[in-house]
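Here's the structure, in structure tokens; my notes come after.
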There are 2 protein chains.
Amino acid sequence: MGINTVFEALSHPVRRKVLALLKAGPLSAGDLATHFDISRPTLSVHFAKLREADLVVVERQGTSLIYHLNASILEAALASLLSLKDDEE
Amino acid sequence: MGINTVFEALSHPVRRKVLALLKAGPLSAGDLATHFDISRPTLSVHFAKLREADLVVVERQGTSLIYHLNASILEAALASLLSLKDDEE
DNA sequence: ACGCTAATTAGCGAAATGACTAATTAGAGT
DNA sequence: ACTCTAATTAGTCATTTCGCTAATTAGCGT
């Protein structure tokens with residue numbers, strides 16, 4: 001929890017790519033996996049970090065888990081970064 | 001180098017606080033240190049990561065090193081985050 | 001050259017990260 | 001109940017991170 005967790009989640013390229021893929025719309029873990037060259041378990045741990053940061057939300061659909069982007073948390077990170085630059089708090 | 005390095009640099013609370021302090025204006029390493037409870041060498045390593053990411057720029061002034069925020073890199077990070085959210089670019 | 005202050009770099013240890021394979025859980029279908 | 005597929009969790013290992021203290025580098029003043 002907290003903005004810390006969010007920034008840590010954002011610090012790995014695989015996780016940022018996951019978010020980029022989800023930007024276009026929800027995808028299952030399996031569908032996401034086709035875009036990466038790492039093992040599914042490893043990717044699953046990346047998903048877990050994104051969930052922990054609330055950057056994604058999961059919905060079960062049969063045996064599949066569908067991942068959705070959580071834009072509001074992305075906004076929070078954006079706001080936090082913006083606050084380092086501008087004079088708005 | 002690269003946006004990767006930038007996000008990694010941003011992933012630690014101490015380093016984000018350094019940037020927040022520099023937002024108000026340049027500060028020496030020593031002045032920055034007064035705001036933290038960690039040892040100076042440890043803080044120095046945090047500075048090094050910020051330099052590596054080009055998030056800060058250093059200027060020597062006598063025996064002091066003055067750190068400046070590099071807003072353009074912050075903008076790059078901002079843009080990268082924004083691209084995860086919106087449809088622009 | 002010496003000493004003083006500012007800051008970094010070196011070296012070390014504990015803990016976290018990120019990769020893998022193997023094992024487990026969860027749901028759907030027969 | 002059994003089996004198949006989807007996905008996660010457990011266990012292991014190598015590497016990185018981040019904290020510390022000790023040692024080094026850089027500049028200023030005497």
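All chains are named by letter (A, B, ...) in the order of the sequence lines, taking the proteins before the strands, and each is independently numbered beginning at 1. Values in this document were obtained by computation on a predicted structure and should not be read as measured data. Just so you know, these numbers use all the heavy atoms, side chains as well, and skip hydrogens, waters and symmetry mates.
- Using a 4.0 Å heavy-atom criterion, one finds that S64(B) contacts the sugar-phosphate atoms exclusively.
- Residues of residues 7-21 of chain B that place a heavy atom closer than 4.0 Å to DNA chain D, in numerical order, are E8(B), H12(B), R15(B).
- One atom, CZ of F36(B), and another, C1' of dA7(C), lie 16 Å apart when rounded to the nearest Å.
- Side-chain atoms of K23(B) come within 3.5 Å of backbone atoms of S83(A) as a donor-acceptor pair (strictly under, hydrogens ignored).
- V57(B) and I3(B) fall into different hydrophobic clusters, defined by Ile, Leu, Val, Met, Phe, Trp and Tyr side-chain heavy atoms under 4.5 Å apart, directly or through other members.
- Contacts of residues 53-63 of chain B with DNA chain C (heavy atom under 4.0 Å): T63(B).
- Residues forming a side-chain contact (heavy atoms from CB on, under 4.5 Å) with P26(B) (at least two apart in sequence, or on another chain): I66(B), H68(B).
- Per the geometry, CD1 belonging to I38(B) stands 11 Å off C1' belonging to dC20(D), to the nearest Å.
- The distance from atom OG1 of T63(B) to atom CZ of R60(B), rounded to the nearest 0.5 Å, is 7.5 Å.
- L22(A) places a side-chain heavy atom less than 4.5 Å from the side chain of L32(A).
- Every residue was checked against the salt bridge (Lys or Arg N to Asp or Glu O under 4.0 Å) condition with E59(A), not counting sequence neighbours, and none meets it.
- Atom CG of L21(A) and atom OG1 of T34(A) lie 8.0 Å apart (nearest 0.5 Å).
- Contact check of residues 40-50 of chain B against DNA chain C (heavy atom, cut-off under 4.0 Å) returns R40(B), P41(B), S44(B), F47(B).
- Distances shown here put every side-chain N or O of Y67(A) at or beyond 4.0 Å from the OP1 or OP2 atom of dA6(D).
- For the atom pair CG (L10(A)) and CG (L10(B)), the distance works out to 9.5 Å, reported to the nearest 0.5 Å.
- When the P atom of dC18(D) is taken as reference, atom CG of D37(B) falls 18 Å away, rounded to whole Å.
- Between atom NZ of residue K17(B) and atom CZ of residue F36(B) there is a gap of 5.0 Å, rounded to the nearest 0.5 Å.
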Let me have the donor-acceptor pairs involving side chains of residues 43-56 of chain A, under 3.5 Å, with sequence neighbours excluded, atom names and distances please.
unit_1 : atom_1 : unit_2 : atom_2 : d
H46(A) : ND1    : R15(A) : NH1    : 3.1
R51(A) : NH1    : Y67(A) : OH     : 2.6

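- Going from atom NZ of K85(A) over to atom CD1 of I73(B) covers 13.0 Å, rounded to the nearest 0.5 Å.
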